[in-house]
There are 2 protein chains.
Amino acid sequence: MKVSIPAAPLPLAFPDGVFPAGCPSRTVLDHITSKWGVLILVSLSEGGQRWSELRRRAEGISEKMLAQTLKTLERDGLVSRHAQVIIPPRVDYSLTERGYELSTLLVPLVAWAFNNADAIVNGQR
Amino acid sequence: MKVSIPAAPLPLAFPDGVFPAGCPSRTVLDHITSKWGVLILVSLSEGGQRWSELRRRAEGISEKMLAQTLKTLERDGLVSRHAQVIIPPRVDYSLTERGYELSTLLVPLVAWAFNNADAIVNGQR
DNA sequence: CAGAATCCGCAATGATACTG
DNA sequence: CAGTATCATTGCGGATTCTG
C-alpha cells in the first residue's frame, strides 16, 4: 500500500532551493552536526558539566577530539568555559543562550535516532 | 549581564546519561547528520526530485558522494528510489514516511543554522 | 541522464606520551 | 584533573574516466 506524503514547504531563504557551496551556514552545520558535537551539545543541554563528565558521557571520544570539539563550539558561541584556578584544576562547560536554543532542536533529533535505530539497522518497519 | 538558563531534561533512555559507543543510534546519527545527508533529506522534504535536481541543489556535491549518500539513506529506509527504464533514464527520489518524519526535525535545524550563521562566524551577538 | 568504477591525496581522527 | 604535543593511520571525499 502506498500513502501520499504531503510536501513540506521549506521555510528557508535559499534561492531556487539551492544550498550554496560557500554559504556560512554550511560551516555552522558541519560544526553542530559533527560526530561529537551533537553528543556534547545534547549532553550539555542537561546543564553545566565538567570535562571529565563530558568525556565519560560521550563514550569513545578521545581527549584530543573532546578538546577540539569544545574549542570549536566555544568559538561559535554555543558553549562557554568556566575554569577555576585550583589544584587539582576544575573546568566546567555549559551552553550559552544560543547553544541552548540549538540544543532544543538537537535533543529531539538524537531521541529520534535512538528510537528508530533498531528498525533502521535491521531494515524493519 | 548573566542570565540563568533552565536545564532541559533529556527525554532519552540512555543509562546515566551515557551515550554508549556501540549503540546503533550512533550509526544512524552519523548517516543523518552527515555533510550531504542533511542537505539531501531537507531538499527532499519539499517533494520527490530527480538525481540531476538533487545534484544541482546540494551545490558542490560530487556524483560519487550523491550516489553514496542516496544509497545509504535508501538502505536506512529513509529515501526511496523510483527508476524509469527509458532512454534517457529518469530516476526520482523521495522520502519514505520515516524519512519525512525525520525531515521535520532536520528542516528547523538547517533553518536555524542559516539564520544564525552570520552571528556565529562573525562572533557577534 | 544517471550512474559505476578506479585512483589517490590529505585532512580528520585516534593512540600515545607528557605537563601545569 | 584538564588538558597539550606529537606521530601514525585511514578512510572520506574529490577528480576522472567509462557506460547502458
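So that the names make sense, note that chain A is the first sequence line, chain B the second, and so on, each numbered from 1. Predicted model, so just to flag it, every value in this text is computed and none were measured.
Of the listed nucleotides (dA2(C), dA2(D), dG14(C)), dG14(C) has the atom at the smallest distance from the side chain of Met65(A). Ranking dG3(C), dA2(C), dG3(D) by closeness to the Glu63(B) side chain, first place goes to dG3(C). Here the nucleotide nearest the side chain of Lys71(B), chosen from dA4(C), dA2(D), dC1(D), is dA4(C). With distances taken from any side-chain atom of Trp51(B) to the nucleotides dG13(D), dA2(C), dG3(D), the minimum falls on dA2(C).
The CZ-C1' distance, from Arg90(B) to dG3(C), rounds to 16 Å in whole Å. Here dA4(C) presents its C1' atom at 14 Å from CG of Leu70(B), a figure rounded to the nearest Å. If you measure from atom CD of Gln68(A) to atom C1' of dA15(C), you get 15 Å, rounded to the nearest angstrom. Here the P atom of nucleotide dG3(D) and the CD1 atom of Ile86(A) are 12 Å apart, to the nearest Å. The interatomic distance linking Gln49(B) (CD) with dC1(C) (C1') rounds to 16 Å, in whole Å. One can place CD1 of Ile87(B) at 16 Å from P of dT19(D), the figure rounded to the nearest angstrom. One atom, CD1 of Ile61(B), and another, C1' of dA2(C), lie 14 Å apart when rounded to the nearest Å. Rounded to an integer number of Å, the gap from Leu66(A) CG to dG3(D) P is 8 Å.
Distances shorter than 4.0 Å separate none of the side-chain N or O atoms of Lys64(B) from OP1 or OP2 on dT16(D). Neither OP1 nor OP2 of dA2(D) sits under 4.0 Å from any side-chain N or O of Arg55(A). The phosphate of dG14(C) (OP1 or OP2) has a side-chain N or O of Lys35(A) nearer than 4.0 angstrom. Regarding contacts with the backbone of dG3(D), a side-chain N or O of Arg81(A) is found under 4.0 angstrom from either OP1 or OP2.
One distance of note links CD1 of Ile32(B) with CG of Leu105(B); it measures 8.0 Å at 0.5 Å rounding.
Using cut-offs of 30° and 60° for the angle between ring planes, the Phe19(B) and Phe14(B) rings count as perpendicular.
A salt bridge is defined here as a Lys NZ or Arg NE, NH1 or NH2 lying under 4.0 Å from an Asp or Glu carboxylate O, and Arg57(A) with Glu46(A) meets this definition.
One side chain, Glu101(B) or Trp112(A), offers a donor N or O that lies under 3.5 Å from an acceptor on the other. There is no side-chain donor-acceptor pair under 3.5 Å between Ser80(A) and Glu74(A).
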